[in-house]
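A short worksheet on the structure shown next.
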Amino acid sequence: METMLSNIYDEKNTLTNILLNFQDKNKHILKDLKDYKIKRILILATGSSINAAITVKYFLQDILEAKVFIEEPSIFYDYEKIDLDLDLIIVISQSGKSTSTINATKKIAEILKKPVIIVTNNLESPITKYSQYILDLNIGIENVGFVTKGFSGTVLNLFLLGINLKNQHFKYFGELEYLIGNINTVIENTNLYFEKNKEILREINRFICLGYGANYGITKEFETKFTEVVRCPSTGHELEAYMHGPYLEANNSNAIFYLDLDLTIPLSKRLHILKKYMENYIGFSTIITNSDNKDSQTINLNVSKDINPNFLTLLYVIPIQVLSYRIAKEKKINVEKKIFTDFDLVLKSKI
């Protein structure tokens with residue numbers, strides 16, 4: 001039986017398959033855009049897809065030497081003016097059936113005659129008729145409503161798109177292969193952490209996640225996953241932004257998860273100072289890190305320190321996915337039972 005947890009355990013195989021087959025499956029896109037000048041990119045996405053876009057934004061900007069803008073399709077469609085200087089539009093819709101994303105794609109395709117890459121897991125979906133460039137997420141069917149390998153697969157595909165548009169596939173292949181190979185170890189480390197801390201996590205009723213850099217996108221995926229699955233108030237904040245107001249809600253019913261991405265920069269030190277300060281005011285705190293900390297309230301990735309920090313996000317999201325599922329189960333939430341089954345039908349949010 002497919003479950004959210006079985007999909008998490010399938011991520012290693014899924015991401016390996018994406019990595020090995022990306023160039024072959026997307027050679028038409030790479031061939032046509034190989035020498036195309038890209039300076040301004042718009043990404044349209046919502047839900048976990050926009051979290052994935054935020055996660056890869058800084059890497060894409062660096063490798064493509066371009067400015068990346070990210071918009072919610074519904075807001076873009078209803079309020080935004082189209083930037084006529086855009087060079088490339090990337091539209092992410094795993095199902096290909098999101099009404100707001102289809103409307104936004106149709107709008108921009110009619111007005112702006114620039115390449116549109118549609119990133120989807122459904123090659124027969126309605127959105128694919130609006131472009132000749134369809135990037136197959138190559139994730140396979142994910143029937144569980146709470147996407148896990150869908151998120152990770154989207155992040156990896158966007159990394160690979162940027163890498164291959166600059167013809168640097170083999171430069172980064174080894175790093176990505178190594179990280180993907182460590183996914184199951186991170187799953188098991190998270191399970192061990194959970195068993196040590198499950199009693200207190202069961203009683204928490206407010207979950208917060210703080211991070212910086214590329215991990216800001218992971219904090220937003222935390223917000224999405226914990227809200228959907230654990231069904232407690234949950235938010236993700238950029239580290240510095242949290243210090244400018246949100247910290248004032250802190251009380252002993254809160255748990256804060258800190259994502260320490262790059263131990264070599266000042267933001268890492270700032271994160272640890274904040275963590276030490278907030279421990280006097282909240283119920284529980286955890287740090288997810290790539291350090292050698294052995295504390296029972298720490299989840300360690302335990303991978304090479306020479307990896308590009310942007311790529312580490314593929315591992316930072318794993319504990320969040322596992323914990324959302326395991327905490328929900330500990331709170332006696334039936335994750336497998338669908339709720340609001342007529343929501344899309346009534347609200348027409350998907351075709």
Side-chain angles (χ1 to χ4, degrees), residues 3-16 48 51-52 55 142 144 146-153 155-156 178-204 207-211 214-215 217-232 234 236 255-261 263 271 275 283-304 307 309 311-331 333 335-336:
T3 66
M4 180 180 172
L5 189 60
S6 71
N7 282 339
I8 295 169
Y9 273 105
D10 192 44
E11 288 189 60
K12 179 181 175 182
N13 291 334
T14 299
L15 298 191
T16 298
S48 284
N51 301 337
T55 301
E142 190 169 17
V144 177
F146 316 113
V147 299
T148 50
K149 61 183 180 180
F151 172 84
S152 301
V155 170
L156 179 58
Y178 167 73
L179 283 175
I180 293 166
N182 279 275
I183 286 176
N184 288 349
T185 300
V186 176
I187 293 174
E188 294 313 315
N189 288 346
T190 306
N191 283 329
L192 290 172
Y193 159 90
F194 177 78
E195 291 301 325
K196 293 174 183 175
N197 297 285
K198 63 183 178 182
E199 285 80 10
I200 191 167
L201 289 169
R202 181 176 61 236
E203 302 305 318
I204 294 293
F207 293 91
I208 299 157
C209 187
L210 308 179
N215 259 347
I218 304 301
T219 73
K220 302 312 290 181
E221 181 61 7
F222 176 102
E223 179 179 303
T224 299
K225 278 295 154 288
F226 270 66
T227 300
E228 291 176 337
V229 181
V230 183
R231 297 166 194 171
C232 288
S234 305
I256 300 182
F257 290 78
Y258 299 86
L259 309 183
D260 196 10
L261 180 64
L263 310 181
L271 180 145
K275 180 178 181 291
F284 187 72
S285 65
T286 286
I287 189 162
I288 304 176
T289 180
N290 193 31
S291 76
D292 298 320
N293 191 327
K294 304 297 183 184
D295 186 272
S296 64
Q297 294 179 11
T298 298
I299 301 174
N300 290 298
L301 303 185
N302 292 325
V303 296
S304 170
I307 297 293
F311 295 159
L312 282 172
T313 55
L314 289 167
L315 294 186
Y316 273 91
V317 76
I318 299 297
I320 287 161
Q321 295 172 343
V322 173
L323 289 174
S324 64
Y325 179 86
R326 303 242 12 217
I327 293 171
K329 287 292 189 179
E330 190 69 19
K331 287 178 174 286
I333 296 170
V335 176
E336 281 73 36

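Values reported hereafter were calculated over all heavy atoms of this structure, with side chains retained and with hydrogens, waters and symmetry mates removed.
Screening residues 184-194 for salt bridge (charged side-chain N to carboxylate O under 4.0 Å, His left out) gives no qualifying pairs among residues at least two apart or on separate chains. Listed by first then second residue, pairs satisfying side-chain hydrogen bond (donor to acceptor under 3.5 Å, both in side chains) with a partner in residues 193-204 read Tyr193-Thr286, Glu195-Lys198, Glu195-Arg326, Arg202-Glu330, not counting sequence neighbours.
Annotation: the span from Tyr9 atom OH to Thr3 atom OG1 amounts to 10.0 Å, rounded to 0.5 Å. Atoms CZ and OG, on Arg231 and Ser324 in that order, are 11.0 Å from each other to the nearest 0.5 Å. The structure places CZ of Phe146 at 11.5 Å from OG1 of Thr227, a figure rounded to the nearest 0.5 Å.
Without hydrogens or angle criteria, Glu142 side chain to Val147 main chain gives no donor-acceptor distance under 3.5 Å. The closest donor-acceptor contact from the side chain of Thr313 to the backbone of Pro309 lies at 3.5 Å or more, if one exists at all. Side-chain atoms of Tyr325 never come within 3.5 Å of backbone atoms of Val229 as a donor-acceptor pair (strictly under, hydrogens ignored). Looking at Glu221, its side chain never comes within 3.5 Å of a backbone N or O of Ala52 through a donor-acceptor pair.
A side-chain contact (heavy atoms from CB on, under 4.5 Å) with Leu271 is found for one member of Leu263, Ile287, Leu261 and no other, namely Ile287. With respect to Ile318, the side-chain contact (heavy atoms from CB on, under 4.5 Å) criterion is satisfied by exactly one of Ile299, Asn189, Ile183: Ile183.
Donor-acceptor pairing under 3.5 Å is lacking for the side chains of Thr185 and Asn302. A donor-acceptor contact closer than 3.5 angstrom is absent between the side chains of Glu223 and Ser234. No side-chain N or O of Gln297 forms a donor-acceptor pair with one of Ser285 less than 3.5 Å apart.
A 4.5 Å side-chain heavy-atom check between Leu156 and Ile180 finds at least one atom pair inside the cut-off. Within the 4.5 Å cutoff, the side chain of Phe284 has heavy atoms near those of the Ile204 side chain. You'll find the side chain of Gln321 stays beyond 4.5 Å of the side chain of Ile187, heavy atoms only. Using a 4.5 Å cut-off on side-chain heavy atoms (C-beta onward), Lys225 and Ser48 make contact. You'll find the side chain of Asn182 stays beyond 4.5 Å of the side chain of Leu301, heavy atoms only. Using a 4.5 Å cut-off on side-chain heavy atoms (C-beta onward), Ile327 and Phe226 make contact. In this structure, the side chains of Leu15 and Ser152 come closer than 4.5 Å at one or more pairs of heavy atoms. Ile320 places a side-chain heavy atom less than 4.5 Å from the side chain of Ile218.
With sequence neighbours excluded, the residues satisfying ring-ring contact (aromatic ring centres under 6.0 Å, His included) with Phe257 are Phe222.
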